[in-house]
Amino acid sequence: MAEIEGKGGKKGTPRVDLTPMVDLNFLLITFFMFTTTMSKPKAMQIQMPYKDEKLKEEEKSKIKKDAALTVLLSRDHRIYYYEGIGDDPNQAPDVKVTYFKDQGGIRDVIINKKKAINNLISQGVLKSTDKLTVLIKPDSTSTNGDLVNALDEMTINGVPVYAVVDITPVDLDFIKATEAANPAAQ
Amino acid sequence: MPKIKMPRKSTSIDMTAMCDFTLLLLTFFIMATKFKPEEPVVVNTPSSVSTDQIPEGFILITLDKTGRVFFSVDNLNAKKQIIDQINTDKNLGLTEEQKQSYVNGASIGVPFTMLASYLSATPAQQAELDKQAPGLPTDTTGNYDTNQLAYWITTARYYLDQGGRIAIKADADAKYPEIHKIIATLGALKIFRFNFITDMKGVPPGTALFDERHATAAK
């Protein structure tokens with residue numbers, strides 16, 4: 001009897017130690033906090049060129065050769081690129097190879113191209129309304145990751161106009177010719 | 001001997017208030033959590049610098065490494081209507097249980113011919129079936145007979161509010177022709193704006209976007 005009364009008597013409120021309960025709650029809170037923040041992947045918005053058979057020819061002629069850069073995505077995450085849109089059959093463009101890299105990769109190519117266009121505008125060769133236009137042409141050996149990376153580079157470098165277009169047989173020949181010319185690169 | 005005795009005080013603190021508080025927080029987080037929808041296949045998404053959120057009530061097209069296409073919608077009311085419509089259109093003769101199985105399930109990666117048997121399976125069996133599922137038949141046209149993805153999208157967009165935004169979750173190692181099929185399908189349906197689901201990566205310093213983001217942050 002004496003012991004029970006020492007703990008507050010019969011009328012006293014029964015006390016439960018809530019510390020383990022609090023511990024458990026914090027554990028659950030931590031779990032839910034992590035799941036809420038972690039399960040939010042990001043989305044990258046894509047606007048594909050409006051495809052209408054009638055519009056095609058007009059659209060093509062709008063791209064100025066000096067302001068254009070064509071990027072061909074190929075196997076092993078390789079990027080072939082050349083200036084212009086490669087529509088002159090007599091004069092093959094100078095096709096170069098690069099990769100997705102932070103330094104010395106496709107990013108520097110785009111930055112340099114932007115600078116070159118600004119120079120041409122100040123020289124009066126191009127009008128001030130002309131903007132860098134990048135044509136992305138993935139071939140059948142490139143991956144979805146390459147495409148997303150390429151589109152991402154456009155966002156990173158603030159390329160005003162870019163489009164994903166189907167690769168042409170001419171472009172495939174360019175890739176073949178470049179590979180043949182540089183057997184060491186393979 | 002001094003008569004004053006220090007009272008023996010217990011060091012234990014009343015935890016009731018603390019417990020209330022933590023439960024409040026816990027409730028908040030339980031309410032705020034939206035669990036990841038079940039994934040039919042493992043998809044290793046590429047990363048981009050984009051910080052956009054995925055639009056609500058979207059149509060998810062999943063493309064795995066081998067080029068299989070899965071289709072899912074997360075709006076349960078719309079799902080019921082979609083499966084009813086498809087059942088009628090394609091004369092699949094689905095039972096109510098099979099329809100309910102579609103509504104509860106995650107995504108569809110089988111052609112219409114296999115749909116009935118797929119929906120009869122238990123969720124655990126479906127997960128197993130997804131590993132060998134051939135994926136939705138897809139090509140570059142908008143033809144509903146050969147391109148079943150186009151059919152699913154059209155039906156789903158009809159029943160979704162605001163037309164339903166399209167999100168593509170494609171594996172980084174998927175070959176371009178596979179992703180091109182999906183993009184071409186969307187193009188044939190006159191959908192030119194859609195989202196790629198990506199992981200986040202940092203903006204490399206010294207680039208145009210980096211300058212732009214920091215300029216707006218400074219303002």
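Both backbone and side-chain heavy atoms feed into the values below; hydrogens, waters and symmetry mates do not. Chain letters run A, B, ... following the sequence lines, proteins first and then strands; every chain starts at 1.
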**Q.** Pairs of heavy atoms under 4.5 Å with chain B: top-ranked of T30(A), I29(A), L147(A), I111(A)
**A.** I29(A)
Q. Do NZ/NE/NH1/NH2 and the carboxylate oxygens of E178(B) and K175(B) come within less than 4.0 Å?
A. no
**Q.** Part of D171(B) lying under 4.5 Å from any heavy atom of chain A
**A.** backbone
**Q.** Portion of T141(A) that has a non-hydrogen atom of chain B nearer than 4.5 angstrom
**A.** backbone
Q. Considering only heavy atoms, which portion of D23(A) lies under 4.5 Å from any heavy atom of chain B: side chain, backbone, both, or neither?
A. neither
Q) Considering only heavy atoms from C-beta outward, does the side chain of T19(A) approach that of V22(A) to under 4.5 Å? A) no
(Q) Does the plane of the ring in Y176(B) sit parallel, tilted or perpendicular to the ring in H180(B)? Use 30° and 60° as the thresholds. (A) tilted
Q.
Between I179(B) and chain A, with a heavy-atom cut-off of 4.5 Å, which part of the residue counts as in contact: side chain, backbone, both or neither?
A. side chain
Q. Looking only at heavy atoms, which two atoms of A156(B) and F71(B) are closest? And how far apart?
A. CB-CZ, 3.7 Å
Q) If you tally heavy-atom pairs under 4.5 Å against chain B, which of N144(A), L18(A), I110(A) wins? A) N144(A)
Q. Looking at I168(B), L63(B), D14(B), D173(B), which makes the most heavy-atom pairs under 4.5 Å with chain A?
A. D173(B)
**Q.** Contacting region of L28(A) [heavy-atom separation from chain B under 4.5 Å]
**A.** both
Q. Is there a donor-acceptor pair closer than 3.5 Å between any side-chain N or O of N112(A) and the backbone N or O of V109(A)?
A. no
**Q.** K80(B), NZ: over 12 other non-hydrogen atoms inside 6.0 angstrom
**A.** yes
